[in-house]
Amino acid sequence: MLHFIITNELQNLFYIMSAALLHLILAPLFIHKEKHLNLLFSLILGSFILLYWNFADIDPLIYSLQLVPVCLLFVTLGVGIAPSIMTWIIFNIGCMFVLNYYWEPALLSSTFLLMLGILVRNRVANTDLVVKLMYATGILIIYELLYAPLAPYVLAPFSLYTGFVLALAFISLWIMISLLFYINKYEIQRRHITHLEKNRMLAELSATVSHEIRNPLTSTRGFLQLLARSDITPLDRRRYVDHALSGVDQAITLLTDFLNYAKPSVDMKEQLDIKEELEHTIRFITPYALDFQITIDILHECETPLYILGESQKLRQCLLNLIKNAIESMPNGGKLSLRTCKHPSAVQISITDTGVGMSSKQLNSLGKPFYTTKQHGTGLGLVVVMSLIKKMNGKISFTSSLNCGTHCSIIFQQY
Ligand code: ADP
Ligand code: MG
């Protein structure tokens, strides 16, 4: 007999725990939709109960003394009011139509349990485990005291079997409430860690942005002070103005990168020819490349235009960032090869340099905010590029080897 009860007990626990586990797995999908999350739990529990009705040998005693109150208490105290009402409905429908055995006492006592649970759920929400267990045990005792006298088969004749079922109802309740307690505790810790991580990111962000902006502004201030002196030559004046302007430019670049990073939006309305966009970007960047003594080699493998859907200004910004990175990786000159080509339903832009290249560790760091190896770099350029290209449904990838150069490929769906 003990064997039978324990088997049943384990089965019950299995159903509730599976529901709780599945819920935990699916919960991250509904992280911003608390209401959906609660409904999800009811749906999962409901499906498990349907399985139970279909596949398990239901013993009315175990169903009414254990499964109904334990599940209902678990949901009421731990999940939410709406799911608890749904659970209450599901169990009572089961009792009326599937089990069809003393459904009135089950309805009455489960209604009482539901009301008591809803009444105390806020009070026990933030208490420690012992208090939770005490409240849950108290409510379960009230449930059993209401149910048993109204369903005579429980008490007459009162057997060892009934005693075991009752005892195990309490044990499974304690197990479930403890499990829920530790799951919630873990969730609270996780939220706390996320919060700390956000604060850390914010501190890092503010430190980087203010540091990066203060540096060029301080140097600009210095040059403006020099300009105010009366004993400077026209040549010096020209130099100081240039330095001051480049300081301001640097601050502007950082702010632009930063704003794009914070809000990279793309308007996907325009039909763009990637060949034309690339040509336009090259015209813009050529003087910069010449400063670095870099030769630019461009090859369009296809005669016809290669159309994609996106936003011209954003695509140019991406290309500019990537080409600028390629140029900056060749401080002693080199060759920049740009290529466009067509695939069956996609188009590709390749940017290849013969610069310093990257180790596999550096390659893995690409696209991480603030990752930069440059003295005046922001480490935001590629973050913005990657998110803009993703928004245009494109795919970007890099291959590189140290001292040999880097190859960057961007593939877009053809329009
Ligand atoms: P920044 O250019 O401000 O440093 P990016 O996000 O554009 O920021 O680039 C991040 C880092 O990635 C660069 O500092 C550089 O180390 C590396 N990188 C990017 N492109 C290349 C490239 N073509 N060759 C070598 N290193 C590159
Ligand atoms: Mg860059």
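Order of appearance sets the numbers: ligands from 1, and atoms from 1 within every ligand.
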To the nearest 0.1 Å, how far is atom 2 (O) of ligand 1 from its closest protein heavy atom, and which atom is that? K374 NZ, 2.7 Å

Heavy-atom nearest neighbour in the protein, as seen from atom 7 (O) of ligand 1, with distance rounded to 0.1 Å: N325 ND2, 2.8 Å

Determine yes or no for a side-chain-to-main-chain donor-acceptor pair under 3.5 angstrom, with S401 supplying the side chain and C404 the backbone. no

Who's closest to atom 4 (O) of ligand 1 heavy-atom-wise, of T372, V384, L402? T372

Using only heavy-atom distances, determine whether the side chains of T76 and W88 contain a donor-acceptor pair under 3.5 Å. no

Any N/O/S atom from N321 (main chain or side chain) under 2.8 Å of the Mg ion (ligand 2)? no

Value rounded to 0.5 Å, distance of OG in S337 from NE2 in H407: 10.0 Å

Working to the nearest 0.5 angstrom, can you tell me the gap between Q66 CD and F170 CZ? 10.5 Å

In the protein, which heavy atom is nearest to atom 3 (O) of ligand 1, and how far is it? T378 N, 2.7 Å

Within a distance under 4.0 Å of any heavy atom of D353, pick out the atoms of ligand 1 and give their elements. 22 (C), 23 (N)

When you measure from atom 16 (O) of ligand 1 to each heavy atom in T373, L366, T253, which option holds the nearest one? T373

K342 side chain to P305 backbone, donor-acceptor under 3.5 Å: no

Do D353 side-chain atoms and G405 backbone N/O form a donor-acceptor pair below 3.5 Å? no

